Asks: 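Before I ask anything, let me first share the structure, which is written out below as structure tokens.
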Amino acid sequence: MSNREDIVNNIIAVLEDMDHPKPTFVTREPFDVLKLAITQFPAVLVTTGNEIREDHAMGGARRGVMQIQIRGFVRADGRSAQIITVDQKRNELIERELNASRAATTQVSSIEVIDRTPPLGEFLMTAAVSYSFTKGAT
């Protein structure tokens with residue numbers, strides 16, 4: 001498996017192992033959020049983005065900085081004694097993902113809140129992942 005795939009699979013494993021609010025649905029395949037069941041929220045879509053590569057040292061060592069996009073979806077359910085607003089749910093999930101995705105080689109570079117009609121909420125988190133590899137390897 002390529003380094004890129006290993007990185008994405010590791011991020012997915014971390015997201016699936018988060019504390020509450022733990023994403024119920026984590027995937028790499030695009031989906032129609034309007035067709036998800038209420039029980040599938042929070043939902044997360046993980047995709048790879050652009051990458052910058054550079055020589056790191058003589059002898060074929062290289063360094064890559066790959067962008068990972070984590071798109072999160074929440075749904076307010078209106079239950080009392082719970083986090084009830086879309087904004088609160090979105091913020092709680094962002095905070096958990098920030099803490100879950102903290103690794104020495106991962107840095108969250110941006111968080112964009114996407115406007116959606118309640119009871120749905122959405123955000124796009126972009127993380128830069130640095131890694132080293134040997135020239136000719138993926």
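Predicted model only: the values in this text are computed from it and were never measured.
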Asks: Kindly indicate whether the side chain of Val33, heavy atoms from C-beta on, has any atom under 4.5 Å from the side chain of Phe41.
Replies: yes
Asks: Checking Ala13 now: which residues fulfil side chain to side chain contact (heavy atoms under 4.5 Å, CB included) with it, not counting sequence neighbours?
Replies: none
Asks: Linking I/L/V/M/F/W/Y whenever any side-chain heavy atoms sit under 4.5 Å apart, do Leu45 and Met125 land together?
Replies: no
Asks: Indicate every side-chain donor-acceptor pair of residues 110-118 with a distance under 3.5 Å to a residue at least two apart or in another chain.
Replies:
unit_1 : atom_1 : unit_2 : atom_2 : d
Arg116 : NE     : Glu122 : OE1    : 2.6
Arg116 : NH2    : Glu122 : OE1    : 3.3

Asks: Could you state the interatomic distance from NZ (Lys89) to CG (Leu120), rounded to the nearest 0.5 Å?
Replies: 11.0 Å
Asks: Does a side-chain heavy-atom distance below 4.5 Å link Thr27 with Val46?
Replies: no
Asks: Report the residues that fulfil salt bridge (Lys or Arg N to Asp or Glu O under 4.0 Å) with Arg75, sequence neighbours left out, ordered by chain and then residue number.
Replies: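 Arg75 satisfies salt bridge (Lys or Arg N to Asp or Glu O under 4.0 Å) with no residue once adjacent residues are dropped.
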Asks: Can we call the ring centroids of Phe25 and Phe73 under 6.0 Å apart?
Replies: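 When the ring centroids of Phe25 and Phe73 are compared, they turn out to be at least 6.0 Å apart.
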Asks: What residues, two or more places apart in sequence or in another chain, satisfy salt bridge (Lys or Arg N to Asp or Glu O under 4.0 Å) together with Glu16?
Replies: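 Glu16: no salt bridge (Lys or Arg N to Asp or Glu O under 4.0 Å) contacts found.
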Asks: Hey, is the main chain of Thr85 close enough, under 3.5 Å, to the side chain of Gln88 for a donor-acceptor pair?
Replies: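 Confirmed, Gln88 side chain pairs with Thr85 backbone.
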Asks: Tell me the closest heavy-atom pair linking Glu51 and Gly64, and the distance in Å.
Replies: OE2-CA, 3.8 Å
Asks: Between atom CD of Gln107 and atom OG1 of Thr126, what is the distance when rounded to the nearest 0.5 Å?
Replies: 12.0 Å
Asks: So how far is it from Phe123 CZ to Ile70 CD1, rounded to the nearest 0.5 Å?
Replies: 7.5 Å
Asks: Using the test side chain to side chain contact (heavy atoms under 4.5 Å, CB included), find all partners of Thr48 that sit at least two apart in sequence or belong to another chain.
Replies: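 With neighbours one apart ignored, the set is Arg4, Val8, Arg28, Met66, Ile68.
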Asks: What's the shortest heavy-atom distance between Thr106 and Ala127, and which atoms?
Replies: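 Nearest heavy atoms, Thr106 then Ala127: CG2-CB, 4.1 Å.
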Asks: Nearest 0.5 angstrom please: Ser130 OG to Arg63 CZ, how far?
Replies: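 Those atoms lie 4.5 Å apart.
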Asks: When rounded to the nearest 0.5 angstrom, what distance separates CD1 in Ile11 from CG in Asp6?
Replies: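 Here the rounded value is 11.5 Å.
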Asks: So which atom in Val74 and which in Leu93 form the shortest heavy-atom distance, rounded to 0.1 Å?
Replies: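 So the two residues come closest at CG1-CD2, 3.8 Å.
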Asks: Do Val65 and Val129 sit in the same hydrophobic cluster, where Ile, Leu, Val, Met, Phe, Trp and Tyr count as joined when their side-chain heavy atoms come under 4.5 Å apart?
Replies: no
Asks: With sequence neighbours excluded, what pairs up with Asp32 under the side chain to side chain contact (heavy atoms under 4.5 Å, CB included) test?
Replies: Leu34, Lys35
Asks: Walk me through whether Val44 and Arg71 qualify under side-chain contact (heavy atoms from CB on, under 4.5 Å).
Replies: CA-CA 6 Å; Val44 176; Arg71 187 173 297 270; over 6 Å; no
Asks: To the nearest 0.5 Å, what is the distance between CG (Asp87) and CD1 (Ile94)?
Replies: 8.5 Å
